[in-house]
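Just so it is clear, the structure is predicted and the values come from calculations on it, not from any experiment. Positions are given from 1, in the same order as the sequence printed here.
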Amino acid sequence: MGDSSDSVSVDMEGISFGGKEHLIETYHGSVSVAVIGDPDKPALVTYPDLALNHVSCFQGLFFCPEACSLLLHNFCIYHISPPGHELGAATISPDKPVLSVDDLADQIEEVLNFFGLGAVMCLGVTAGAYILTLFAMKYRQRVLGLILVSPLCKAPSWTEWLYNKVMSNLLYFYGMCGVVKELLLKRYFSKEVRGNAHVSESDIVQACRRSLEERQSSNVWRFLEAINGRPDITEGLRKLQCRSLIFVGDNSPFHSEALHMTSNLDRRYSALVEVQACGSMVTEEQPHAMMIPLEYFLMGYGLSRPSQSSVSPRSPLSPSCIAPELLSPESMGLKLKPIKTRISLQV
């Protein structure tokens, strides 16, 4: 890591989504960024949850046909992985300091500078949603909008802190053992897809379980330590200068956290979508439930599907060009009160 050049490009064709992965050196160490799409288009930056990368956290969403016509048509995607979470990552040297959440947010600013990006759209899941929200607070002019999935904003409760501490100790002494994997899968998915003694776990859970086996446990431990030491950022939410769209599964262990965050955002520029019978990782468990709210949200920036769009996707996403009425939750097709996206389960 210390001898790396500023950027190392690795061909990810057939492994991720057909883009290239760059290993970028920052003040706080190297960070992997997988870039997919036309760099002349507006940028969408993603950040995954604990122990995940862009493949295991966002593949379901970006492989959804509607997402391809909406997100990939309008954006160049910059998938940022937490340090040491990328495919084939080596173990981070124990001599390196454990980064804080502020350090991780500062890394994002360095990534944007490396690629010459201005203001970007952000998409994050749980821990990644916290990092991107903190980034938006620290670098307000660099964020156009926040799309947050089961986000965090408060400091860990005693229950979460203890839960994370148990997982941290297991990771430190036993690595990515079976207990840790079960704790993480419970964090990500609803019981409907995790299965039980009578019903086998779903394909997405099995795929996620396999991906966890590829993670370097000490690298996951480092990210967990940062997230478990996070401060409460509730006070800064109303000062955010961008629009926000929040998704949360009603079976997510962070459901109440998402409600708390929504209640502290400026309601004129934010909306909440609750997805029934879903866990935290809506991007994988029920990505189709995100499509209609996303489409209305992006319409406020002059973006739409290719068949409907008369606006060039290369034009800047400037909220200053949006009619005031498009900045309300009603314009997104959402109610001020949380709405339920009802999904019928197949037995």
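- Across all their heavy atoms, Val55 and Gln59 have their closest contact at O-CB, 2.9 Å.
- Ring geometry for His79 versus His54: interplanar angle under 30°, hence parallel rather than tilted (30 to 60°).
- Interatomic distance, Leu171 CG to Arg215 CZ, rounded to the nearest 0.5 Å: 12.5 Å.
- Under the 4.0 Å criterion applied to side-chain N and carboxylate O atoms, Lys181 and Glu213 are assigned as salt-bridge partners.
- His255 and Glu274 share a donor-acceptor pair across their side chains, judged by distance under 3.5 Å alone.
- Heavy-atom minimum distance, Asp49 versus Cys57: N-SG, 3.9 Å.
- Here salt bridge (Lys or Arg N to Asp or Glu O under 4.0 Å) pairs that include residues 144-153, with residues two or more places apart or in two chains, number zero.
- Once rounded to the nearest 0.5 Å, the distance linking CZ of Phe58 with OH of Tyr47 reads 11.0 Å.
- Between Ser32 atom OG and Leu87 atom CG the span is 8.0 Å, to the nearest 0.5 Å.
- Here CG of Leu237 is found 11.0 Å from CG of Asp266. Values are rounded to the nearest 0.5 Å.
- Legend: residues meeting side chain to side chain donor-acceptor pair (under 3.5 Å) with Glu182, ordered by chain and number and at least two apart, are Arg209.
- Every side chain to side chain donor-acceptor pair (under 3.5 Å) that Tyr139 has, sequence neighbours left out, goes to Asp106.
- Judged by the 6.0 Å and 45° rule, Arg243 forms a cation-pi pair with Phe297.
- At a cut-off of 3.5 Å, with distance as the only test, no side-chain donor of Gln286 or Gln276 sits close to an acceptor on the other residue.
- Under 3.5 Å, the side chains of Ser190 and Glu192 contain a donor-acceptor pair of N or O atoms.
- In this structure, Arg194 CZ and Asn251 CG are separated by 9.0 Å, a value rounded to the nearest 0.5 Å.
- At a cut-off of 3.5 Å, with distance as the only test, no side-chain donor of Asp103 or Gln107 sits close to an acceptor on the other residue.
- Around the NZ atom of Lys138, the shell of radius 6.0 Å holds more than 12 heavy atoms that belong to other residues, nucleotides or ligands.
- The two residues Ser270 and Leu265 make their nearest non-hydrogen contact at OG-CB, 3.6 Å.
- When the side chain to side chain donor-acceptor pair (under 3.5 Å) test is applied to Ser252, the partners found at least two apart in sequence or on another chain are Ser280.
- To the nearest 0.5 Å, atom OG of residue Ser30 and atom CD1 of residue Ile92 are 7.0 Å apart.
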For a quick test of your reading: what N or O donor-acceptor pairs under 3.5 Å do the side chains of residues 227-235 make, sequence neighbours left out?
| residue | atom | partner | partner atom | Å |
| --- | --- | --- | --- | --- |
| Asn228 | OD1 | Asn164 | ND2 | 3.0 |
| Asn228 | ND2 | Trp161 | O | 3.4 |
| Arg230 | NE | Lys154 | O | 2.8 |
| Arg230 | NH1 | Glu160 | OE2 | 3.0 |
| Arg230 | NH1 | Ile227 | O | 3.1 |
| Arg230 | NH2 | Lys154 | O | 3.3 |
| Arg230 | NH2 | Glu160 | OE1 | 2.8 |
| Arg230 | NH2 | Glu160 | OE2 | 3.3 |
| Asp232 | OD1 | Thr234 | N | 2.7 |
| Asp232 | OD1 | Thr234 | OG1 | 2.6 |
| Thr234 | OG1 | His260 | NE2 | 3.1 |

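- Under the rule for a side chain to side chain donor-acceptor pair (under 3.5 Å), the partners of Glu225 that lie at least two apart in sequence or sit in another chain are Ser168.
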